[in-house]
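Residue numbers run from 1 in the order of the sequence given.
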Amino acid sequence: MLLLDLLSLCLRIGELAFSATVAGLTGAYLHSTRHTSAWSRKRFIYTEVIAGISILFSLIFLLPFMSSFIHYPFDFVLFAAWMIAFGLLADFIGPLHCGGLWNWRGITGKGTCDRWKADIAFCFLASIFFLVSALLGLYVVHKRRRAVVDSTRRRRWYRSTV
């Protein structure tokens, strides 16, 4: 069980780091375009809100008493929200002529395409970490429930070993 707790902790730290990175990259873009219409920036506002919610839940689930793994439905919801954000950002980068979506060469540069590809990459990584965390929670909860059900099976009254 210790291994599962350590894996969960590592996943939460990764979720927190990736969500914070996406929040920073998307927030920098929102700040640089703060004088334009909010309607044209709706996909970035959505991504920023999802990143904020993910940071909040990652911090809450990092607490020591949250190792019960019963919060896996939140992870599934956040996985779906991150995949929607990934799709919205991937749809935005298409017309910019930045090359293929999965071409990560030059991602460490300071160009516009490099920043967007980094934002999309961290968005995808955050969604994968939330998915793995949800699957881990689902596995642990159902494994524990099965063990509890098997151990509390009652004997017939006439086969008692009193």
Side-chain angles (χ1 to χ4, degrees), residues 1-96 98-141:
M1 198 59 181
L2 180 65
L3 183 64
L4 293 176
D5 289 335
L6 286 175
L7 180 61
S8 176
L9 179 70
C10 291
L11 287 170
R12 293 292 172 203
I13 291 171
E15 291 166 3
L16 180 64
F18 296 144
S19 299
T21 304
V22 170
L25 289 170
T26 307
Y29 175 75
L30 285 173
H31 179 72
S32 68
T33 61
R34 66 185 175 274
H35 299 297
T36 61
S37 169
W39 184 252
S40 64
R41 300 177 301 153
K42 59 189 177 282
R43 69 183 78 215
F44 306 107
I45 294 170
Y46 172 81
T47 304
E48 192 73 20
V49 168
I50 294 302
I53 292 170
S54 297
I55 290 170
L56 175 69
F57 278 114
S58 294
L59 286 173
I60 289 172
F61 294 153
L62 269 174
L63 297 175
F65 61 86
M66 294 302 293
S67 66
S68 62
F69 292 98
I70 60 171
H71 43 71
Y72 69 90
F74 291 113
D75 292 329
F76 274 123
V77 169
L78 286 173
F79 162 70
W82 274 113
M83 287 311 289
I84 291 169
F86 173 76
L88 289 171
L89 292 177
D91 186 50
F92 175 77
I93 200 172
L96 294 180
C98 292
L101 183 63
W102 301 104
N103 181 8
W104 302 115
R105 272 184 258 134
I107 199 169
T108 58
K110 295 190 184 257
T112 305
C113 289
D114 301 331
R115 280 192 220 133
W116 287 122
K117 286 190 175 187
D119 201 8
I120 289 173
F122 285 113
C123 186
F124 183 76
L125 286 172
S127 69
I128 294 301
F129 270 53
F130 274 104
L131 175 65
V132 171
S133 183
L135 293 175
L136 178 68
L138 185 69
Y139 168 74
V140 169
V141 166

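When every heavy atom of R43 is checked against every heavy atom of F92, the shortest pair comes out as NH1-N, 3.4 Å. Among all heavy-atom pairs drawn from A20 and I55, the shortest one is CA-CD1, 3.8 Å. Among all heavy-atom pairs drawn from L30 and F44, the shortest one is CD2-CB, 3.7 Å. The shortest heavy-atom contact between R34 and R41 is CA-NH1, 3.5 Å. The two atoms that bring A51 and S19 nearest to each other are CB-O, 3.7 Å, heavy atoms only.
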Please tabulate, for side-chain N and O atoms in residues 78-85, each donor-acceptor pair with protein atoms closer than 3.5 Å (sequence neighbours left out).
{"residue": "W82", "atom": "NE1", "partner": "S54", "partner atom": "OG", "Å": "2.8"}

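F86 pairs in a ring pair (Phe, Tyr, Trp, His ring centres under 6.0 Å) with only one of the listed residues (F124, F18, F122), which is F124.
Residues passing the side-chain contact (heavy atoms from CB on, under 4.5 Å) test with L136, sequence neighbours excluded: L4, L7, S8, L11, F69, V140. Every residue two or more places apart in sequence or in another chain that forms a side-chain contact (heavy atoms from CB on, under 4.5 Å) with S32 is listed here: Y29.
Looking at D75 and L131, their side chains never come closer than 4.5 Å, going by heavy atoms from C-beta outward.
Between atom OG of residue S133 and atom CG of residue L9 there is a gap of 10.5 Å, rounded to the nearest 0.5 Å. Residue I50 holds its CD1 atom at 10.0 Å from CG of L88, rounded to the nearest 0.5 Å. To the nearest 0.5 Å, the span separating CD on E48 from CG on L25 amounts to 9.5 Å. Within the model, atoms CZ of F129 and CG of L16 stand 12.0 Å from one another, a figure rounded to the nearest 0.5 Å.
With a 6.0 Å radius and a threshold of 12 heavy atoms from other residues, nucleotides or ligands, F76 has its CZ atom above the threshold.
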